A.B. asks: 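Sending over a structure as structure tokens; questions will come in a sec.
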Number of protein chains: 2
Amino acid sequence: MQNTAADKIARDRLAAGALALDRQLCFAVYSAGLAFSRRYKPILNALGLTYPQYLVMLVLWEEDGGSVKDIGERLSLDSATLTPLLKRLEEGGLVTRERDPADERRVRIRLTEAGRALRARAEPVPAMMGCAIGLQSEALERLRADLEHLRRSLSGEEERGGDAPA
Amino acid sequence: MQNTAADKIARDRLAAGALALDRQLCFAVYSAGLAFSRRYKPILNALGLTYPQYLVMLVLWEEDGGSVKDIGERLSLDSATLTPLLKRLEEGGLVTRERDPADERRVRIRLTEAGRALRARAEPVPAMMGCAIGLQSEALERLRADLEHLRRSLSGEEERGGDAPA
DNA sequence: CACGATTAAATCGCACGCAAAGAAATAGCG
DNA sequence: CGCTATTTCTTTGCGTGCGATTTAATCGTG
């Protein structure tokens, strides 16, 4: 595989096409997501949480006592992911898992006292992360909103304002 | 945990704080990333690739013959992630893995004929994904650029007013 | 009430993503 | 040259994500 100059030119022209890594929105999102989780890791480590566990705790701090499915809908994760994660939170003493007496199919997740107490220690986390981001809050909010729109489009939750339903 | 109306109001005020899930940029990125990979899955399945494998192939289609480290730097993934992934691509007959004779620490990754041929089948993928996204291309590009900036900030590649070489 | 359909979790298998430790080769320095 | 430090890749272990399957409970219909 010797590369002649002509070969390289030919490859570069192809690379400039639709498959160019650097123009993939998906890669930008993927890569930013990894960067986020790496940045969060040492901070959340101090709280004894992984990044997905932190997200689950955010849900619970807003709305305690939901079922596994409820939490899954909030985060768009399914029970195959959440069940083991929630068991680890339970082992860590942050939540309890109990079958709902009114519907034994459901498992209700409730914060323990330790789980609620952890909220205070998590309070400064967003500000700490904010320092790591070089964007003004208006730009941040626009970016967040664009991503939410993107997620909705990708999930097929089209919300008509221009997107013709198939 | 009976919820009185007062409790709920108290919780909502807390939820409106910095820890509110729906105002976390990190969650928007995380969630959009998962939505992307779910959307890509059936398409890439037809090519016999996972989503991270697809990203590696994008790199190789642009620049063949790099080392594991080279690919890792392009995608910001380390060799612990890439080694097994590349072995699977090798098993699938898409790449070869050979120690570099000039430096036996390196493993050079090269596309096989099948690996190069797969490019043609991948060509329509971006257009297929484009249809799934409800944004104009200008907005898309702005979003992509914002995310790239975000990734850089998070990775500590700060470039305040241009990339200051360390 | 019976019984098939649906729903909610759990379980299993596989592929990441990464920290930590290990192995092999090279670089650097006296 | 010799020896240590560094670089590159590999391996191991753990925690996600998720498809597929299983189990148990509830729903809907007759």
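Residue numbering restarts at 1 for every chain, and letters A, B, ... go by the order of the sequence lines. All values derive from a computational prediction rather than experimental measurement.
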A.B. asks: Rounded to whole Å, how long is the line connecting atom NZ of B:Lys41 with atom P of D:dG19?
C.D. replies: 5 Å

A.B. asks: Ion pair present between B:Glu141 and B:Arg144, side-chain N to carboxylate O less than 4.0 angstrom?
C.D. replies: yes

A.B. asks: Respond yes when some side-chain nitrogen or oxygen of A:Arg99 is under 4.0 Å from OP1 or OP2 of D:dT23, and no when none is.
C.D. replies: no

A.B. asks: Contact class for B:Ser37 (heavy atom, under 4.0 Å): base, sugar-phosphate, or nothing?
C.D. replies: nothing

A.B. asks: What is the distance from OH of B:Tyr54 to P of C:dA15, rounded to the nearest Å?
C.D. replies: 20 Å

A.B. asks: Nearest-Å distance, CZ (B:Arg106) to P (C:dA23)?
C.D. replies: 23 Å

A.B. asks: Would you mind telling me which of D:dT8, D:dT11, D:dG17 lies closest to the side-chain atoms of B:Thr83?
C.D. replies: D:dT11

A.B. asks: Scan A:Arg108 against the nucleic acid and name what it touches under 4.0 Å (heavy atoms): base, sugar-phosphate only, or nothing.
C.D. replies: nothing

A.B. asks: Taking for each residue the nucleotide of DNA chain D with the nearest heavy atom, is it A:Leu85 or A:Arg105 whose nucleotide lies nearer the 5' end?
C.D. replies: A:Leu85

A.B. asks: For the ring pair A:Phe36 and A:Tyr51, is the centre-to-centre distance below 6.0 Å?
C.D. replies: no

A.B. asks: Rounded to whole angstroms, how far apart are CG on B:Asp103 and C1' on D:dT6?
C.D. replies: 12 Å

A.B. asks: Strictly below 4.0 Å, N to O, side chains only: are B:Arg116 and B:Glu113 in salt-bridge contact?
C.D. replies: yes

A.B. asks: What is the separation between atom CG on B:Leu34 and atom P on D:dT16, rounded to the nearest whole Å?
C.D. replies: 13 Å

A.B. asks: Are A:Arg142 and B:Asp146 close enough for a salt bridge, meaning some N to O gap below 4.0 Å?
C.D. replies: yes

A.B. asks: For C:dA9, does OP1 or OP2 lie under 4.0 Å from any side-chain N or O of A:Ser67?
C.D. replies: yes

A.B. asks: Is any side-chain N of the basic residue among B:Arg97 and B:Glu90 closer than 4.0 Å to the acidic one's carboxylate O?
C.D. replies: yes

A.B. asks: Please classify the nucleic acid contact of B:Thr50 as base, sugar-phosphate, or nothing, using heavy-atom distances under 4.0 Å.
C.D. replies: sugar-phosphate

A.B. asks: The side chain of B:Arg38 lies closest to which of these nucleotides: C:dA10, D:dC18, D:dG15?
C.D. replies: D:dC18

A.B. asks: Which is more 5' along DNA chain C, the nucleotide nearest A:Ala80 or the one nearest B:Ser76? Just name the residue.
C.D. replies: A:Ala80

A.B. asks: Please check the phosphate of D:dT16 (OP1 and OP2 only) for any side-chain N or O of A:Gln53 closer than 4.0 Å.
C.D. replies: yes

A.B. asks: Round to the nearest Å and state the distance from A:Phe36 atom CZ to C:dC18 atom C1'.
C.D. replies: 19 Å

A.B. asks: Using the closest heavy atom to pick a nucleotide of DNA chain D for each, name whichever of B:Pro84 or B:Tyr30 lands nearer the 5' end.
C.D. replies: B:Pro84

A.B. asks: Name the residue closer to the 5' end of DNA chain C, choosing between B:Thr81 and A:Lys87 according to the nucleotide with the nearest heavy atom.
C.D. replies: A:Lys87

A.B. asks: Under the criterion salt bridge (Lys or Arg N to Asp or Glu O under 4.0 Å), I'd like the reasoning laid out for B:Asp100 against B:Arg105: C-alpha separation, chi angles, the key distance, then a yes or no.
C.D. replies: CA-CA 7 Å; B:Asp100 183 343; B:Arg105 289 172 302 184; over 6 Å; no

A.B. asks: Just checking A:Arg88: base, sugar-phosphate only, or nothing, at a heavy-atom cut-off of under 4.0 Å?
C.D. replies: base

A.B. asks: Quick one: B:Leu77 CG to C:dA15 C1', roughly how many Å, whole number?
C.D. replies: 13 Å

A.B. asks: Please report, rounded to the nearest Å, how far the P atom of C:dC14 is from the CD atom of B:Glu91.
C.D. replies: 12 Å

